[in-house]
Amino acid sequence: MDQAALSPNLMIGELPIYGQLILAPMDGLSDASFRWITRKLGSAYSVSEFINTLDYANQKSYEKKRLLFREAERPFAVQLLDNDAVRMAECAARIEEEFHPDMIDINMGCSAKSVAGRGAGVGMMRNPQLVRDTFRLVTQAVNVPVTAKMRLGWDETSHNFIELSELAVENGAKLVALHGRTQKNSFNKPARWAQIGELKRRLNVPVIGNGDVKSVADAKRMLEETDCDAVMVGRAAKANPWIFSWRDRDEVPVQEVYQVARFQLEDMIRLQPERGVMPFRKYLKAYLDPYEIPREQMKTLLTSNEPEALTKLVDDTFFSLGARAEEQQIIDYSIGNE
Ligand SMILES: Cc1cc2nc3c(=O)[nH]c(=O)nc-3n(C[C@H](O)[C@H](O)[C@H](O)COP(=O)(O)O)c2cc1C
């Protein structure tokens with residue numbers, strides 16, 4: 001696609017974004033391999049798994065692994081998580097110097113008790129001063145646009161997403177992504193979209209809607225109902241990365257599923273050999289879910305530890321479902337893959 005010939009769907013500061021579906025950042029899921037697959041399938045930009053800047057400042061090596069991305073994956077945002085504005089700003093500057101991301105995103109949504117309890121993630125939403133300081137200092141520390149990802153608020157009595165979005169924007173934020181839940185209704189109640197529309201009407205920077213988009217129809221409905229600029233898809237993307245090319249899972253031929261699974265297994269091992277095949281299992285299970293694989297066969301697939309043996313098992317399983325080895329790549333994931 002010749003992007004120069006198209007007009008962008010939204011601008012994040014001066015950064016043009018082409019497309020309206022984006023993979024949501026997900027700890028343990030939106031790693032470099034999966035993000036690359038979703039970008040190839042149409043996700044408009046990438047956001048890293050959160051970088052805990054407390055750990056980053058203490059030079060924990062695994063945080064650097066989470067910063068890996070391919071040049072062709074740009075635009076790439078690094079997401080920061082912390083409860084300390086100065087530390088986030090210092091780490092943002094170091095990350096910009098070393099990794100050159102296109103954006104810095106501030107996590108104001110993580111609801112895990114250990115995170116929110118110390119005032120990071122959604123815990124930031126209880127501390128407007130921290131929100132003000134974070135956006136002011138981080139935008140001063142880096143040259144790239146800074147964005148926010150937040151929830152509706154801490155609980156039903158404190159929906160302060162409008163006030164905090166305005167505060168973030170006054171202090172330099174160039175986009176707000178809103179997940180239509182509070183900390184308290186972590187994942188158990190349906191996400192509310194009306195508030196996404198409310199925010200869109202109030203802000204003069206782009207708004208991304210997020211929460212419970214499971215199908216193409218959902219994504220279209222969120223865009224229509226809220227007039228948001230783009231939609232972030234989280235959990236549903238694990239089983240259906242093809243949603244980023246506006247396809248529901250039942251529209252995807254087994255050959256394409258096979259090619260993604262095969263690429264992803266190889267790529268994950270190549271990028272992080274020390275983690276072995278284990279992190280791949282959750283995707284494999286999700287990809288195979290629609291095919292009613294016999295329980296014993298599934299168990300063998302999901303307990304295999306050895307990359308070569310698992311590759312063979314994946315091949316055999318998909319061949320038995322009608323995929324073929326020799327068929328041309330429908331999407332060549334290796335192109336741009338440096
Ligand atoms: C396993 C998991 C990990 C997540 N990790 C992050 C994260 O690192 N940063 C973040 O901003 N949100 C994180 N989220 C929240 C998602 O980005 C998203 O806001 C949420 O899942 C709602 O979207 P969905 O209904 O499409 O899944 C995570 C969600 C899940 C399920």
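Whatever order the structure lists ligands and atoms in, that order sets their numbers, starting from 1.
- With a heavy-atom cut-off of 4.0 Å, Asn107 touches ligand 1 through its side chain alone.
- If you number the atoms of ligand 1 from 1 as listed, the ones under 4.0 Å from a heavy atom of Asp212 come out as 24 (P), 25 (O), 26 (O).
- Residues Met232 and Ile208 meet the side-chain proximity criterion, which asks for heavy atoms closer than 4.5 Å.
- The nearest heavy-atom contact from the protein to atom 31 (C) of ligand 1 is Arg235 CG, 3.5 Å.
- Side-chain contact of Asp31 with Ser33: a donor-acceptor pair under 3.5 Å is absent, judged by distance alone.
- Nearest non-hydrogen protein atom to atom 3 (C) of ligand 1 is Asp27 N, 3.2 Å.
- Note: an N/O pair closer than 3.5 Å links Asn210 and ligand 1 by distance alone.
- Summarising the contacts of atom 30 (C) of ligand 1 with Met26, Lys149, Glu49, the nearest heavy atom is found in Met26.
- If you check the side chains of Thr147 and Asp105, you find a donor sitting under 3.5 Å from an acceptor.
- With Asp315 contributing its side chain and Arg262 its backbone, the two residues share no donor-acceptor pair below 3.5 Å.
- The closest heavy-atom contact to atom 14 (N) of ligand 1, among the options Ala191, Pro25, Ala24, Gly209, comes from Pro25.
- The nearest protein atom to atom 26 (O) of ligand 1, hydrogens excluded, is given as Gly234 N, 2.8 Å; this is a heavy-atom distance.
- A salt bridge between Asp212 and Arg181 is present, with a side-chain N of the basic residue lying under 4.0 Å from a carboxylate O of the acidic one.
- Looking at Met150, Met108, His179 and measuring to atom 20 (C) of ligand 1, the nearest heavy atom belongs to His179.
- Annotation: cation-pi geometry not satisfied between Arg70 and Phe76 (NZ/CZ under 6.0 angstrom from ring centroid, within 45° of ring axis).
- In Gln79, the part holding a heavy atom less than 4.0 Å from any atom of ligand 1 is the side chain.
- The closest approach between a heavy atom of Gly109 and any atom of ligand 1 is not below 4.0 Å.
- Once rounded to the nearest 0.5 Å, the distance linking CG of Asn160 with CE of Met125 reads 4.5 Å.
- Close approach to Phe50 involves these atoms of ligand 1, each under 4.0 Å from a residue heavy atom: 7 (C), 8 (O).
- In this structure, Tyr283 and Phe34 have tilted ring planes: the angle between them lies in the 30° to 60° band.
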